[in-house]
A.B. asks: 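Structure below; questions to follow.
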Amino acid sequence: MTEKKHDTELMNIFFQRILDEIDAGVHVVDGDGKTVIYNRKMAEIEDMKVEEVLDKSLREVFSFEHNEDSRLLEAVQKGVKIENAKQTYYNNQGQEITTINHTIPIVHNRARIGAMEIARDVTRLEKLIRENRHHREDARYTFDSIIGSSRQIADVIEASKRATRTSSSVLIIGDTGTGKELFAQSIHNGSDRAIRPFISQNCAAIPDSLIEGILFGTKKGAFTGAIERPGLFEQAEGGTILLDEINSLDISLQAKLLRVLQEKSVRRVGDTKDQNIDVRIIATINEDPIDAIASGRLRKDLYYRLGVVSLFIPPLRERQSDIPDLIHFFIEKYNDRFGMNVKNVDELVLQKLLQHEWPGNVRELEHIIEGAMNLIEYEDTITFHHLPIHYRYKLHMIENIEGQKKAATEEDSSLNSNLYNGHDVNRTKQDDGPSSALVNKTLNQYLEEAEYNFIKAALTQNQHNITKTALTLGMSRQNLQYRIKKHNL
């Protein structure tokens with residue numbers, strides 16, 4: 001007897017370990033609807049603790065939408081086998097869960113003694129699909145929404161307006177926070193597609209295992225739980241689809257996207273037929289496309305196909321004359337939102353904002369103004385002590401560094417003066433090492449400026465002949481043309 005008991009305990013240990021290692025939710029109830037088996041994966045899917053579910057009635061722990069009942073209870077009561085059925089329900093915290101289930105009644109001696117369910121979590125997928133449906137109404141910006149009168153931004157607006165006349169694909173290049181989606185929506189709303197859908201999808205926001213089905217749609221039975229569902233390209237029929245951060249899309253999916261661009265048709269996951277589509281594609285990228293191609297994040301052929309129209313959105317540090325207009329716009333925006341009456345920023349704050357490098361661009365400026373207005377009480381002017389504390393700290397750090405640079409420069413000047421006055425007669429020109437003079441620009445700024453001047457000189461030398469200039473510089477025509485557009489040469 002003891003040996004049998006030991007064997008039973010050992011089998012239970014094996015059984016429980018196997019259940020917990022299975023990458024699917026397993027839930028078993030007895031004939032009364034009480035849980036008798038509940039594995040670790042099911043607990044993860046439903047965000048529950050095992051002890052909250054075991055030995056409890058399903059109706060005690062879960063609630064179901066639209067007055068539906070549990071598939072498990074349905075299998076126990078009616079003896080029906082249910083395959084690949086989607087069910088949405090709520091745990092004891094009111095958290096929504098969506099699963100695709102195989103539900104099977106358990107019969108012993110012709111009597112139903114319970115039911116088991118094997119579940120796959122699709123909660124996140126359903127949420128993403130709902131969010132993408134909402135994106136259809138997001139195209140609210142027009143060219144009038146773009147703030148700024150600098151030559152740099154005016155040139156991009158003019159090029160974007162010309163792009164509204166055709167259905168060619170557009171690649172919008174710019175740092176994070178420069179307003180790439182604002183330009184994409186403006187192009188859509190300025191075109192003859194304005195009354196049709198505008199759908200935006202951030203390619204970095206969804207895992208590779210899900211994004212293919214979301215973009216291209218799914219055929220019923222393509223994989224476990226797959227249902228007949230149109231993708232974003234089909235939903236955008238006649239309109240525009242924005243693929244944000246295209247360099248985050250898996251390379252294999254970039255190949256499929258290239259086929260969509262070339263063939264003007266889409267094939268759902270698991271399907272064998274193509275469906276013709278009429279959709280304009282606008283893509284954005286937050287880095288130099290040539291760098292993205294070199295590092296394997298962007299297919300070269302996709303870049304050439306997307307970049308029929310290439311727009312380069314200048315970073316805020318290159319259009320600083322627009323900062324006062326942007327400040328005024330954001331103050332008015334948050335006055336309306338917060339019920340305040342702030343009128344301006346003081347001169348010191350304006351000078352600090354004009355001197356800032358703006359790594360986060362327009363989005364960073366908006367966050368600073370919003371943060372400052374959260375600290376204002378009754379004043380009508382934003383002063384330095386209203387600025388967010390992390391920004392003030394950063395400014396203090398920059399001032400300290402600038403102070404050290406100034407002191408070092410003065411010391412260096414003094415040393416050079418002494419040397420020239422004969423205090424170091426043994427030092428010769430050949431002894432000179434690299435200059436210790438401190439610079440007032442970042443390495444990226446220096447390289448950008450050097451690239452601009454170098455290409456400009458080469459173009460002048462070759463009478464602006466692209467082929468000859470490309471040969472002189474040792475680069476392809478496409479690479480040179482990209483950089484000419486980038487620097488507005």
Side-chain angles (χ1 to χ4, degrees), residues 132 135 156 159-160 163 166-176 178 180-181 183-185 187-188 191 193 198-217 231-237 239-269 271 274-313 466 470 475-486:
N132 277 297
H135 287 177
V156 184
S160 302
T166 71
S167 289
S168 298
S169 55
V170 178
L171 182 62
I172 303 177
I173 303 154
D175 294 349
T176 299
T178 49
K180 296 186 289 295
E181 182 159 352
F183 275 89
Q185 291 189 23
I187 291 169
H188 171 78
S191 72
R193 294 174 178 265
F198 176 89
I199 295 181
S200 170
Q201 178 58 61
N202 187 322
C203 297
I206 302 177
D208 296 337
S209 58
L210 298 180
I211 195 165
E212 183 176 10
I214 287 174
L215 288 178
F216 306 115
L232 296 186
F233 280 99
E234 290 178 64
Q235 294 176 44
E237 177 62 27
T240 306
I241 185 166
L242 170 63
L243 299 177
D244 196 15
E245 297 188 50
I246 191 69
N247 47 325
S248 297
L249 191 65
D250 184 81
I251 288 293
S252 63
L253 294 183
Q254 289 186 26
K256 192 165 183 177
L257 175 60
L258 180 63
R259 185 174 178 276
V260 171
L261 278 160
Q262 291 170 338
E263 305 296 331
K264 304 292 183 189
S265 64
V266 68
R267 180 181 297 179
R268 293 184 184 180
V269 177
D271 205 348
D274 292 338
Q275 297 184 54
N276 293 330
I277 56 165
D278 172 25
V279 177
R280 184 180 202 175
I281 297 176
I282 300 178
T284 73
I285 187 169
N286 55 11
E287 63 175 324
D288 185 327
I290 304 302
D291 291 341
I293 291 167
S295 58
R297 290 189 297 276
L298 181 66
R299 287 178 61 109
K300 186 189 290 187
D301 47 6
L302 179 62
Y303 164 61
Y304 294 142
R305 193 68 188 80
L306 282 172
V308 173
V309 177
S310 293
L311 300 173
F312 300 85
I313 314 301
I466 300 295
M475 63 173 65
S476 68
R477 280 176 52 88
Q478 291 90 344
N479 194 340
L480 177 59
Q481 285 171 330
Y482 159 74
R483 295 182 190 282
I484 288 171
K485 288 179 183 177
K486 175 183 173 184

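In this chain, residues are counted from 1 in sequence order.
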A.B. asks: Calculate, to the nearest 0.5 Å, the distance between atoms CG and CG belonging to L243 and L215 respectively.
C.D. replies: 6.0 Å
A.B. asks: Would K180 and L242 count as a side-chain contact (heavy atoms from CB on, under 4.5 Å) if you check the C-alpha gap in whole Å, the side-chain angles of each, and the deciding distance to 0.1 Å?
C.D. replies: CA-CA 10 Å; K180 296 186 289 295; L242 170 63; over 6 Å; no
A.B. asks: How many angstroms lie between CG in L232 and OG in S200, if you round to the nearest 0.5 Å?
C.D. replies: 9.5 Å
A.B. asks: State which residues pass side chain to side chain contact (heavy atoms under 4.5 Å, CB included) with I466; sequence neighbours excluded, sorted by chain then number.
C.D. replies: L459, R477, L480, Q481, I484
A.B. asks: Rounded to the nearest 0.5 Å, how far does CD1 of I173 lie from CG of N286?
C.D. replies: 11.0 Å
A.B. asks: How many angstroms lie between CD1 in I187 and OG in S160, if you round to the nearest 0.5 Å?
C.D. replies: 4.5 Å
A.B. asks: For K264, what residues pass the side chain to side chain donor-acceptor pair (under 3.5 Å) criterion, not counting sequence neighbours?
C.D. replies: none
A.B. asks: Just to verify, what does D175 make a side chain to side chain donor-acceptor pair (under 3.5 Å) with, not counting sequence neighbours?
C.D. replies: none
A.B. asks: Sequence neighbours left out, what passes salt bridge (Lys or Arg N to Asp or Glu O under 4.0 Å) with D274? Give chain and number order.
C.D. replies: R259, R267
A.B. asks: Suppose we screen for side chain to side chain contact (heavy atoms under 4.5 Å, CB included). Which residues come up paired with D250, at least two apart in sequence or across chains?
C.D. replies: D208, S252, L253
A.B. asks: Do F183 and I282 come within less than 4.5 Å of each other through their side chains, counting heavy atoms only?
C.D. replies: no
A.B. asks: Rounded at 0.5 Å granularity, tell me how far CG in L171 sits from CG in L306.
C.D. replies: 6.0 Å
A.B. asks: About how many Å separate CG of D288 and CG of N247, when rounded to the nearest 0.5 Å?
C.D. replies: 11.0 Å
A.B. asks: Work out which heavy atom in E237 is nearest to a heavy atom in I277; give both atom names and the distance.
C.D. replies: OE1-CA, 3.4 Å
A.B. asks: Which atom pair, heavy atoms only, marks the closest approach of P289 to Y303?
C.D. replies: CB-CE1, 3.6 Å
A.B. asks: Please work out whether the ring planes of F216 and F233 are parallel, tilted or perpendicular, with thresholds of 30° and 60°.
C.D. replies: parallel
A.B. asks: Run the side chain to side chain donor-acceptor pair (under 3.5 Å) test against Q254 and tell me which residues pass, sequence neighbours left out.
C.D. replies: none
A.B. asks: I need the minimum non-hydrogen distance between S168 and V308, along with the two atoms involved.
C.D. replies: CB-CG1, 3.7 Å
A.B. asks: Might you work through the side-chain contact (heavy atoms from CB on, under 4.5 Å) test for R483 and I290, ending with a clear yes or no?
C.D. replies: CA-CA 9 Å; R483 295 182 190 282; I290 304 302; 3.6 Å; yes
A.B. asks: Does T284 reach the side chain of E181, with side-chain heavy atoms less than 4.5 Å apart?
C.D. replies: no
A.B. asks: Please name all residues satisfying salt bridge (Lys or Arg N to Asp or Glu O under 4.0 Å) with E287, sequence neighbours left out, ordered by chain then number.
C.D. replies: R297
A.B. asks: Return each pair, listed once, that meets salt bridge (Lys or Arg N to Asp or Glu O under 4.0 Å) where at least one residue sits in residues 275-285; pairs must be two or more places apart or across chains.
C.D. replies: R193-D278
A.B. asks: Checking A255 now: which residues fulfil side chain to side chain contact (heavy atoms under 4.5 Å, CB included) with it, not counting sequence neighbours?
C.D. replies: R299
A.B. asks: For the residue pair I246 and A283, what are the closest heavy atoms and their distance?
C.D. replies: CB-CB, 4.1 Å
A.B. asks: Do you know the tightest heavy-atom contact between I313 and I172?
C.D. replies: CG1-CG2, 3.6 Å
A.B. asks: Please enumerate all residues that pass salt bridge (Lys or Arg N to Asp or Glu O under 4.0 Å) together with E245, with sequence neighbours excluded.
C.D. replies: none
A.B. asks: Check whether any side-chain heavy atom of L257 lies under 4.5 Å from a side-chain heavy atom of R305, and answer yes or no.
C.D. replies: no
A.B. asks: Applying salt bridge (Lys or Arg N to Asp or Glu O under 4.0 Å), can you list everything that pairs with D244, at least two apart in sequence or on another chain?
C.D. replies: none
A.B. asks: Which heavy atom in S265 sits nearest to a heavy atom in N276, and how many Å separate them?
C.D. replies: CB-OD1, 3.8 Å
